[in-house]
Amino acid sequence: MRRTKLAEIEKLGQAAYPNQFSASHTIPEVRTQWDAATGEALEAERTTVTVAGRIMAIRAQGKAGFATLQQNGQRLQIYVRLDAVGEQGFALYKLLDLGDHIGVSGYLFRTRTGELTVHVETLTFLAKAMLALPEKFHGLADVELRYRQRYVDLFTNLDSREVFVKRAKTLRALREFFDSRGYLEVETPMMQQIAGGAAARPFITHHNALDQDLYLRIAPELYLKRLVVGGLDRVYEINRNFRNEGVSTQHNPEFTMLEFYQAYANYKDLIALTKDLLKFVAEQVNGTTKTVFNDVEIDFAHIEELTMREAIIKWWPKEAGNTASMIMFESSEALQQALLAALHNLPEAEPSADTKGDVASETSRDGVIIDPAGPTYVETRRHPRTAMVFTAAGGHLEDGVPVGKVIAELFEAIAEPHLIQPTIIYEFPTAISPLSKQKPDDPDWVERFEIYCGGFELGNAFSELNDPVEQKKRFEQQLAERERGDDEAHQMDEDYVRALAYGLPPTGGEGIGVDRLVMLLTGSRSIRDVILFPLMRSQGNRDQGPGISDEVQG
RNA sequence: GAGCUCGUAGCUCAGCAGGUAGAGCAACGCCCUUUUAAGGCGUGGGUCCUGGGUUCGAAUCCCAGCGAGCUCACCA
């Protein structure tokens, strides 16, 4: 059908796939320059423009007609009439389909309804859309198709396009921020012989000529610190990490990570830097420090700072009474006591028929409804989740799990869901921080912080461990974990230990999930909405949507 | 990996007390020289995700599979 039209277009003397078209303006340029011009002014000027674009709407009316062209996410109406473009030109107009690319030349005017319009004098065919476009009003709504056929999503759903424009702005702002502070942008290997720098399962690939397995990197961390050893005191890298794990609204197997390292800085310096960074990027991208995520307004100009311990106490469940205090963090026994007291305070649960079978109410987090606006629980009559959290924590302590690890678990269960506004949580237990430096006055805690926002983790930073002897020891501990079957435990990296042995200055390092940052800045609930081509399950030979074969091969 | 929901025309959707599929947009034909979700008249268009089963009869009910979304788990 469209093939025959293309043949007819060629008969009109138009190339089916011309090699170039010289426009005088882009559509956004025309809009910028003449959006404010009145009809009278346009008539007086009689400005002729030559523009190109994709036809997104077409309205024919006998011997005249309109069409809407789109270019770079902006639209401009054109008006084509028989007596202006001639028989050939009008014949071409009538053969056009939605989605075709054309170029037009003509003068600007305003229609009766006041819309800026090109009064076309010459019409040039540029390329055919062989497949039908999605419906003009709803656009492409099927989420799966939007991800799999992003090219259609981008020109039909301009909101989607805007997300990726903002993503590019985010990256530009990040680079500007670090460049202006004397950081050097570097690129370190993404194919590594040892996948290190994080606890995650890697993808494995193979180099044929060397006959050697390689890992796609899970983090650039260890290479970046080697560079600091080498005297590149301030480095940053923005690039992909790959982790062989499940997907969710917050995880894609390949994701973009910003990591930066600064010699002679510690985690306190990085806290200050992170605050400046988030504020700067938000302003560059959105013109304001505020953004709306999940219907909640988030403001990057006000970033709260809490220690992990303070956060646990702040969001200690109300129904557990006044049972939390700083003392409980001092020993396993103290924490046990606090947990027991809290459990004792919990009101009796309602009959189990109500709680057990009520799987559907999981969304309300098992009876605890979270108010995203602030640190308040709206209590309902059930607290099974709270009880479970306390019971599990107590059990772990009895099993001899390090108190630091249990404290971190409590934090994740009790406090993390409340961290909607950007919040820096600092001082982490040593037990869960193998690469961080301990606090000089308190070896159970390390100089580390994470930044949370929108209910998830956005970044992770610490004063880097630079003692090669201690580092080697920690690698050996990880090896022992590996022996026990933990395939996420770190491998020994002798070369990294050697690098440290040459002397890593006191250094602060941080990683920020760029995709998640873009999610916050664009109000996107799913990471797939900010990744152009998110990983989708293969569909094998199953056809998805319209194919070209029918049109091309007939 | 588990639970819930979904899969019907190119797109957005309806149809599901079981009786051989429908609307709008898009497409095709005709009318219309300032319309804009243009309008009017007419026409064509389907592997109802796939495969089984129940039934005289399945888009509809049942089972299995494939794909997706969300939630949870895992995981930074």
Side-chain angles (χ1 to χ4, degrees), chain A residues 1-2 4-5 39 56-68 75-85 90 93-94 97-99 109-117 119 129-149 152 156-157 197-201 218-219 221 241 243-253 255 257 359-366 385 408 412 416 432 450-452 456-460 487-488 511-513 515-516 525-529 534 536-548 550-551:
Chain A
M1 177 60 72
R2 293 195 179 206
T4 34
K5 279 189 173 181
M56 297 306 290
I58 194 158
R59 297 176 290 279
Q61 293 183 318
K63 296 185 178 58
F66 293 88
T68 303
R75 295 182 169 196
L76 181 64
Q77 180 170 266
I78 63 167
Y79 178 54
V80 181
R81 46 191 291 171
L82 176 60
D83 52 17
V85 298
F90 203 71
Y93 171 76
K94 285 203 286 191
D97 284 308
L98 288 182
F109 77 111
R110 281 194 188 275
T111 61
R112 276 179 203 155
T113 52
E115 179 155 350
L116 183 67
T117 304
H119 197 292
M130 301 300 273
L131 297 172
L133 263 52
E135 196 210 21
K136 62 184 169 189
F137 194 59
H138 296 95
L140 191 65
D142 186 302
V143 180
E144 180 179 356
L145 282 181
R146 293 210 301 119
Y147 297 152
R148 288 192 194 269
Q149 300 177 19
V152 179
T156 52
N157 300 325
R201 276 157 49 194
I218 54 176
E221 170 147 355
N241 286 350
R243 297 187 182 175
N244 207 338
E245 286 153 8
V247 297
S248 77
T249 47
Q250 280 144 35
H251 300 82
N252 195 63
F255 63 100
M257 183 84 153
V359 181
S361 74
E362 283 285 340
T363 44
S364 64
R365 266 208 127 75
D366 310 83
R385 182 178 169 86
E412 282 174 24
E416 192 175 323
I432 59 158
E450 291 187 350
I451 176 147
Y452 288 85
F456 54 77
E457 182 200 335
L458 185 61
N460 180 18
D487 50 2
E488 285 176 5
I512 290 179
D515 310 280
R516 291 181 177 182
R525 290 166 192 242
S526 170
I527 199 168
R528 294 176 161 205
D529 291 325
M536 301 291 280
R537 195 182 295 270
S538 153
Q539 291 183 307
N541 291 327
R542 262 190 75 216
D543 198 6
Q544 182 69 36
I548 189 67
D550 316 310
E551 279 291 344

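Letters A, B, ... are given to chains in the order of the sequence lines, protein chains preceding strands, and every chain is numbered from 1.
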Does [N] have OP1 or OP2 under 4.0 Å away from a side-chain N or O of [X]?
| X | N | value |
| --- | --- | --- |
| A:Arg537 | B:A68 | yes |
| A:Arg110 | B:U34 | no |
| A:Lys5 | B:A27 | no |
| A:Thr249 | B:G69 | no |
| A:Arg146 | B:A68 | no |

request  = Name the pairing partner of B:G10, where a pair is Watson-Crick or G-U wobble with both distances under 3.5 Å, or state none.
outcome  =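 Pairing partner, where one exists within any strand: B:C25.
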Partner lookup for B:G18, please. Criteria are Watson-Crick or G-U wobble with both distances under 3.5 angstrom; report none if nothing qualifies.
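The answer is none; no pair meets the criterion.
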Is a side-chain N or O of A:Arg110 found less than 3.5 angstrom from the main chain of A:Thr117, in a donor-acceptor match?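 Checking the backbone N and O of A:Thr117 against the side chain of A:Arg110, no donor-acceptor pair under 3.5 Å is found.
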>> If I compare all heavy atoms of A:His251 with all of A:Arg516, which pair ends up nearest, and what's the gap?
In response: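 The pair with the smallest heavy-atom distance is NE2-NH2, 3.4 Å.
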- Spacing of the C1' atoms in B:G40 and B:U8 (rounded, Å):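 My reading of the C1' atoms in B:U8 and B:G40 gives 30 Å.
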- request: Please measure how far the C1' atom in B:A58 lies from the corresponding atom in B:U43, and state the result in whole Å.
  value: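 Each nucleotide's C1' atom is 30 Å from the other's.
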> Side-chain donor or acceptor of A:Glu135 under 3.5 Å from a matching atom on the base of B:G24?
Replying inline: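 Such a pair exists between side chain and base.
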Choose from [options] the nucleotide whose nearest atom is closest to any side-chain atom of [X].
| X | options | answer |
| --- | --- | --- |
| A:Leu140 | B:U35, B:U12, B:A27 | B:U12 |
| A:Val143 | B:G67, B:U34, B:G69 | B:G69 |
| A:Gln77 | B:U35, B:C75, B:U12 | B:U35 |
| A:Met536 | B:U12, B:A68, B:A37 | B:A68 |
| A:Thr111 | B:U34, B:U33, B:G10 | B:U34 |

Taking the six-membered ring for Trp, are A:His119 and A:Tyr79 parallel (under 30°), tilted (30 to 60°) or perpendicular (over 60°)?
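Correct class here is perpendicular.
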Checklist line | Ion pair check, A:Arg146 and A:Asp529, cut-off under 4.0 Å | finding: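 Here A:Arg146 pairs with A:Asp529 in a salt bridge, since their nearest N and O are under 4.0 Å apart.
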Report task. Mind checking A:Ala57 for me? I need base, sugar-phosphate or nothing, with any heavy atom below 4.0 Å counting as a touch. Result ->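 Counting heavy atoms under 4.0 Å across all strands, no contact is made by A:Ala57.
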